[in-house]
Amino acid sequence: MVTPKIETRLFLNNEYTNARSGEYLCVTNPFDGSLVTSHVETAGKEDVDLAVSYALSAFTAGPWASFTGAQRAACMNRFADLAENNAAELAYLETISMGRPIATLLGMDIPHMAACYRYYAGWADKIEGESFAADDGVYKIVRHEPLGVCAGIASWNATFLYAAWKIAPALAAGNTFIFKTSEKSPLAMLALAKLFAEAGFPPGVVQFVSGDWKTGALLSSHMQIAKISITGSLAAGLKVQAQAANSNLKEVTLELGGKSPAIVFEDANLDVALGGCSAGFLFNSGQVCAAASRVYVHQTIAPKFVADLRTRFEHLSNGIGTNPTDPTTNLGPVADQQQFDRVLEYIAKGKQTAQLLTGGGRIGTTGYFIQPTIFLDPEPDSSIYKEEIFGPVLVVKTFSAEAEVIALANDTTYGLAACVYTADLNRALRVASKIDSGGISINGPFVPNFQTPFGGFKQSGHGKELGKYGLMEYMKQKTIHINMF
């Protein structure tokens, strides 16, 4: 593959354009810390205002405003084809930005993104309303209408997924969209942007801006943006919600991560449970919002389970340190120096509050590679047990009774996902019904699916992405009453 050109400009109104802010972001390669570019243009207030004006015009007066559902679907399907055709370039740009192994991007993220657009393209001409008989003399109609200009703020760990989960349902519903990537991983999205124009989306329908939290704040507080969806930290979500409330009370969807539990009962298939708690957890070096980073294993099987889990972690650790652009690489570095320092700080605290079973250090002398790490029996109020680390750090505790482990699983401010490993389906469903999380997986890691809603409870956020519920998040309901004479 020829090394792709690095695009650093904003994408507004179907064209690449220079930012008016005069500010720039730097992107470094987490494989070796080298500078990829120092010229990613940052959107300031004037740029965001311009993007919103283009999006509003496209929504109210442009050809998009009169597109049928079938026309919207055709554009979405063409985009999915183009994304697949350009997958190698897109994956390379993402890999050098945040260290995702290119094999996982080509094998999972980009195919998932394309399939998600096709899924929502299928919905575009099937948005039905409701009607109620005039038994009281009034014929009643409920319409589902698009919100208008919507915006999304993405985390850096799975950019292609967020570009699908946020933009695709918005477009199916007839909205226009402004997408802000993370400052850590903007390059692939800036390359992706032109594909929307090539797919036939009119100017102003889909636009991309780069920037840090200041650009995000301009979006979440903008008076003409009707909805904003963010995937990020709890702190970022709280700020976005406050900015939305203090501006125009725009709709908000928050996906804010978690500290998800995995429960391994004594009758579980150990090979399945071990796979889910090792390779399943370490996917993307633990930088997954739904990763089950708290493992509770029944005390009768704990010695063998813990010993085998350690073996698997150490085996996986042996393959870490190779270049993520190598198609044989399975585990890469964490995203950047900031995340590297953050995870190592948690590990240092963990060594004071728990038993270190394996890992606990850096791999190599360059890049941001961290050993897969397991802590046993952390103190109940320790930071490694309570807080989201977002790295390859797992904590393990034992339990003896079902009621006990349900209480342990729910003893968290988060509620995004959970895993239950057992051969007893009745117990699996019983426990799943009592765990206060938005998604439960039986006998495997929790993986979002197009057909079902994804989103958390408690401080993991509110609102849903994916499935019909994700589509409805981008529509408003209008009631029409017809008085019959």
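Just the heavy atoms: all of them, side chains too, but no hydrogens, waters or symmetry mates, feed the values below.
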Any side-chain heavy-atom pair from [X] and [Y] closer than 4.5 angstrom?
{"X": "Pro333", "Y": "Pro324", "result": "yes"}
{"X": "Leu471", "Y": "Ile127", "result": "yes"}
{"X": "Leu171", "Y": "Tyr120", "result": "no"}
{"X": "Ser278", "Y": "Leu309", "result": "yes"}
{"X": "Lys478", "Y": "Val142", "result": "no"}
{"X": "Ile370", "Y": "Ile347", "result": "yes"}
{"X": "Pro372", "Y": "Ile320", "result": "yes"}
{"X": "Pro186", "Y": "Val27", "result": "yes"}

message = Are there over 12 heavy-atom neighbours, none belonging to Tyr469, within less than 6.0 Å of that residue's OH?
response = no
Heavy-atom neighbours of Glu145 CD exceed 12 at 6.0 Å = yes
Between [X] (side chain only) and [Y] (backbone N and O only), is there a donor and an acceptor less than 3.5 Å apart?
{"X": "Arg294", "Y": "Leu408", "result": "yes"}
{"X": "Thr373", "Y": "Gly360", "result": "yes"}
{"X": "Ser317", "Y": "Phe313", "result": "no"}
{"X": "Glu89", "Y": "Asn86", "result": "no"}
{"X": "Asn323", "Y": "Asp326", "result": "no"}
{"X": "Gln339", "Y": "Phe390", "result": "yes"}
{"X": "Ser382", "Y": "Pro378", "result": "no"}
{"X": "Gln459", "Y": "Tyr414", "result": "no"}
{"X": "Asp424", "Y": "Asn426", "result": "yes"}
{"X": "Thr398", "Y": "His298", "result": "no"}

With sequence neighbours excluded, residues passing side chain to side chain donor-acceptor pair (under 3.5 Å) with [X]:
{"X": "Asp308", "result": "Lys304"}
{"X": "Thr365", "result": "none"}
{"X": "Asn29", "result": "none"}

ask   = Going through the checks in order, is the side chain to side chain donor-acceptor pair (under 3.5 Å) test met by Glu314 and Thr358?
value = CA-CA 7 Å; Glu314 292 174 350; Thr358 188; 2.8 Å; yes
Output the distance between atom [atom1] ([X]) and atom [atom2] ([Y]), rounded to the nearest 0.5 Å.
{"X": "Ile178", "Y": "Leu219", "atom1": "CD1", "atom2": "CG", "answer": "6.0 Å"}
{"X": "Ile389", "Y": "Leu344", "atom1": "CD1", "atom2": "CG", "answer": "11.0 Å"}
{"X": "Thr413", "Y": "Leu234", "atom1": "OG1", "atom2": "CG", "answer": "7.0 Å"}
{"X": "Leu238", "Y": "Ile230", "atom1": "CG", "atom2": "CD1", "answer": "9.5 Å"}
{"X": "Glu388", "Y": "Ser293", "atom1": "CD", "atom2": "OG", "answer": "7.5 Å"}
{"X": "Arg312", "Y": "Leu282", "atom1": "CZ", "atom2": "CG", "answer": "11.5 Å"}

query = Can you name the residues that form a ring pair (Phe, Tyr, Trp, His ring centres under 6.0 Å) with Tyr296, not counting sequence neighbours?
reply = none
With Phe179 via ring pair (Phe, Tyr, Trp, His ring centres under 6.0 Å) - residues at least two apart = Phe208
Once salt bridge (Lys or Arg N to Asp or Glu O under 4.0 Å) is applied, what residue pairs with a partner in [range] remain, sequence neighbours excluded?
{"range": "residues 359-385", "value": "none"}
{"range": "residues 107-129", "value": "Asp81-Arg118, Glu84-Arg118, Arg100-Asp109, Glu128-Lys468"}
{"range": "residues 248-264", "value": "none"}

ask   = Can you list the steps and then say if Gln243 with Ser247 is a side chain to side chain donor-acceptor pair (under 3.5 Å)?
value = CA-CA 6 Å; Gln243 291 157 356; Ser247 53; over 6 Å; no
task = Could you go through the salt bridge (charged side-chain N to carboxylate O under 4.0 Å, His left out) check for Arg143 and Glu130 one step at a time?
result = CA-CA 7 Å; Arg143 287 173 48 86; Glu130 298 171 279; over 6 Å; no
request  = Start with the C-alpha gap between Thr28 and Gln337, add the side-chain angles, then the distance that decides, and say whether side chain to side chain donor-acceptor pair (under 3.5 Å) holds.
outcome  = CA-CA 9 Å; Thr28 57; Gln337 182 74 56; over 6 Å; no
message = Can you give me the closest heavy-atom contact between Pro327 and Ala103, atom names plus distance?
response = O-CB, 3.4 Å
Less than 3.5 Å apart, which donor and acceptor atoms pair up between the side chains of residues 442-457 and the rest of the protein, not counting sequence neighbours?
unit_1	atom_1	unit_2	atom_2	d
Asn443	OD1	Thr422	N	3.0
Asn443	ND2	Thr422	O	3.1
Asn449	OD1	Gln451	N	2.9

key: ring pair (Phe, Tyr, Trp, His ring centres under 6.0 Å) contacts in which one or both residues fall within residues 352-376, not counting sequence neighbours   = Phe340-Tyr368
request  = Could you tell me if the ring centre of Phe265 sits under 6.0 Å from that of Tyr421?
outcome  = no
query = Have Thr253 and Glu465 got a donor and an acceptor in their side chains that come within less than 3.5 Å?
reply = no
request  = Kindly indicate whether a cation-pi arrangement holds for Lys397 with Tyr385, taking the cut-offs as under 6.0 Å to the six-membered ring centre and within 45° of the axis.
outcome  = yes
ask   = Within 45° of the axis and under 6.0 Å from the centre of the six-membered ring of Tyr474, does NZ or CZ of Lys227 qualify?
value = yes
inquiry  = Strictly below 4.0 Å, N to O, side chains only: are Lys180 and Asp212 in salt-bridge contact?
reply    = no
request  = State plainly whether the residues Lys386 and Asp411 are in salt-bridge range, i.e. N to O under 4.0 Å.
outcome  = yes
Would you tabulate the side-chain donor-acceptor contacts of residues 155-164 under 3.5 Å, counting partners in other chains and residues two or more places apart, or write 'none'?
unit_1	atom_1	unit_2	atom_2	d
Ser155	OG	Asn157	OD1	3.0
Asn157	OD1	Tyr162	OH	3.0
Asn157	ND2	Tyr162	OH	3.3
Asn157	ND2	Gln287	O	3.1
Thr159	OG1	Glu94	OE2	2.9
Thr159	OG1	Ser185	OG	3.3

Sequence-distant partners of Asp267, salt bridge (Lys or Arg N to Asp or Glu O under 4.0 Å), two or more places apart = Arg427
key: side-chain contact (heavy atoms from CB on, under 4.5 Å) between Val206 and Thr176, worked out   = CA-CA 6 Å; Val206 185; Thr176 56; over 6 Å; no
